[in-house]
A.B. asks: 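Quick one: this structure, given as structure tokens, is what I'll be asking you about.
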Amino acid sequence: MSGFHNGRDVFEYAVLRVVPRVERGEQINAGVVVYCRATSFVAARIHLDEDRLRALDPSADVPAVRAALRAVECVCGGGERAGQAAGEDAGRRFRWLVAPRSTVVQPGPVHTGLTADAEAEIERLLDLLVR
């Protein structure tokens, strides 16, 4: 199954959440990761609202949160910047990024949709769900 429907491809996405104090469970959305198998596209877009983060946790380590979000972008890009995921294909990198973890930057649930342009979709989702 190619996922091709009326010029549109199936894509998957997850919102990246920042949970500054895991024990409290409070979170803000700080980015989105999109994967489209049909086009081998995987990318992340980040938008961290530092004021909102500090409102949740005045002692939040903003540089560490930014570094964790940058690491997600690096894994999406593949190559040596992707670290342990460097040799993996786009789908495996996406699955690795959306695996549940108990860190400050956490992926939300994976959702699916149809798109004619995954690059435009990631910007639309960032505007809709994060900004």
Side-chain angles (χ1 to χ4, degrees):
M1 181 171 154
S2 70
F4 184 79
H5 302 282
N6 298 328
R8 300 190 304 168
D9 294 309
V10 173
F11 75 98
E12 298 174 76
Y13 72 94
V15 173
L16 296 172
R17 301 168 172 168
V18 176
V19 187
R21 294 172 56 193
V22 175
E23 70 278 6
R24 290 182 60 115
E26 298 168 331
Q27 63 191 23
I28 62 167
N29 294 346
V32 64
V33 181
V34 169
Y35 168 59
C36 180
R37 187 175 120 190
T39 59
S40 296
F41 176 87
V42 64
R45 293 293 181 276
I46 305 302
H47 177 82
L48 179 62
D49 184 331
E50 292 182 13
D51 292 335
R52 287 184 69 205
L53 176 58
R54 286 194 185 96
L56 284 183
D57 181 4
S59 65
D61 186 344
V62 175
V65 170
R66 284 211 176 275
L69 291 166
R70 267 194 308 276
V72 171
E73 292 176 311
C74 289
V75 168
C76 286
E80 59 186 54
R81 291 179 58 207
Q84 291 179 323
E88 303 292 349
D89 65 29
R92 287 184 183 266
R93 291 195 312 273
F94 178 76
R95 297 280 169 246
W96 185 83
L97 288 169
V98 299
R101 45 182 57 89
S102 60
T103 60
V104 172
V105 174
Q106 300 178 6
V110 174
H111 303 280
T112 60
L114 292 173
T115 186
D117 182 349
E119 186 75 38
E121 198 63 46
I122 197 169
E123 295 298 332
R124 186 187 75 78
L125 290 169
L126 189 69
D127 285 341
L128 180 68
L129 303 172
V130 179
R131 289 190 175 121

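Heads up: numbering here begins at 1 and tracks the sequence.
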A.B. asks: Could you give the distance from CD1 (I46) to CZ (R70), rounded to the nearest 0.5 Å?
C.D. replies: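 Those atoms lie 10.0 Å apart.
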
A.B. asks: Using the rule that Ile, Leu, Val, Met, Phe, Trp and Tyr join whenever any side-chain heavy atoms are under 4.5 Å apart, tell me whether L97 and Y35 fall into a single cluster.
C.D. replies: yes

A.B. asks: Starting from the C-alpha separation in whole Å, work towards a yes-or-no answer on side chain to side chain contact (heavy atoms under 4.5 Å, CB included) for I28 and L48.
C.D. replies: CA-CA 9 Å; I28 62 167; L48 179 62; 4.0 Å; yes

A.B. asks: At what distance, to the nearest 0.5 angstrom, does SG of C74 lie from CG of L69?
C.D. replies: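 Spacing of SG (C74) from CG (L69) equals 11.0 Å.
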
A.B. asks: Is the shortest side-chain heavy-atom distance between N29 and D49 below 4.5 Å?
C.D. replies: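 Side chain of N29 against side chain of D49, heavy atoms only: no contact under 4.5 Å found.
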
A.B. asks: Cut-off 3.5 Å, no hydrogens considered: what does the side-chain donor-acceptor table look like for residues 53-61, sequence neighbours left out?
C.D. replies:
residue	atom	partner	partner atom	Å
D57	OD1	S59	N	3.0
D57	OD1	S59	OG	2.8
D61	OD1	A64	N	3.2

A.B. asks: Can you give me the closest heavy-atom contact between V33 and A44, atom names plus distance?
C.D. replies: CG2-CB, 4.1 Å

A.B. asks: Give the cluster check for V62 versus V105: same hydrophobic cluster or not, with ILVMFWY residues linked at side-chain heavy-atom distances below 4.5 Å.
C.D. replies: yes

A.B. asks: Table please: side-chain donor-acceptor pairs of residues 116-126 below 3.5 Å, with sequence neighbours left out.
C.D. replies:
residue	atom	partner	partner atom	Å
D117	OD1	E119	N	3.1
D117	OD1	A120	N	3.1
E119	OE2	R45	NH2	2.1
E121	OE1	T115	OG1	3.0
E121	OE2	R124	NE	2.7
E121	OE2	R124	NH2	2.7
E123	OE2	R45	NE	2.9

A.B. asks: Do V65 and V22 belong to the same hydrophobic cluster, where Ile, Leu, Val, Met, Phe, Trp and Tyr are linked whenever their side-chain heavy atoms lie under 4.5 Å apart, directly or via other members?
C.D. replies: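 Unlinked, V65 and V22 end up in two clusters.
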
A.B. asks: Out of curiosity, does L114 fall in the hydrophobic cluster containing V34 (side-chain heavy atoms, cut-off under 4.5 Å, transitive links)?
C.D. replies: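 No, V34 does not connect to L114 through the hydrophobic network.
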
A.B. asks: Heavy atoms only: give me the nearest C76-V42 pair and the separation to one decimal.
C.D. replies: O-CG1, 3.5 Å

A.B. asks: For residues 10-19, run the donor-acceptor check on the side chains, cut-off 3.5 Å, and write out each pair with its distance to 0.1 Å, sequence neighbours left out.
C.D. replies:
residue	atom	partner	partner atom	Å
E12	OE1	R95	NH1	3.2
E12	OE1	R95	NH2	3.1
E12	OE2	R95	NH2	2.8

A.B. asks: What's the separation between atom CZ in R93 and atom CD in E88, rounded to the nearest 0.5 Å?
C.D. replies: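 Taking CZ in R93 and CD in E88, the distance rounds to 8.5 Å.
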
A.B. asks: Are side-chain heavy atoms of F94 and V75 found at a separation under 4.5 Å?
C.D. replies: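 The answer is no; the side chains never approach within 4.5 Å.
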
A.B. asks: If two hydrophobic side chains count as joined below 4.5 Å and joins carry through other members, does V32 share a cluster with F41?
C.D. replies: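 They do share one cluster, since a chain of ILVMFWY contacts under 4.5 Å joins V32 to F41.
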
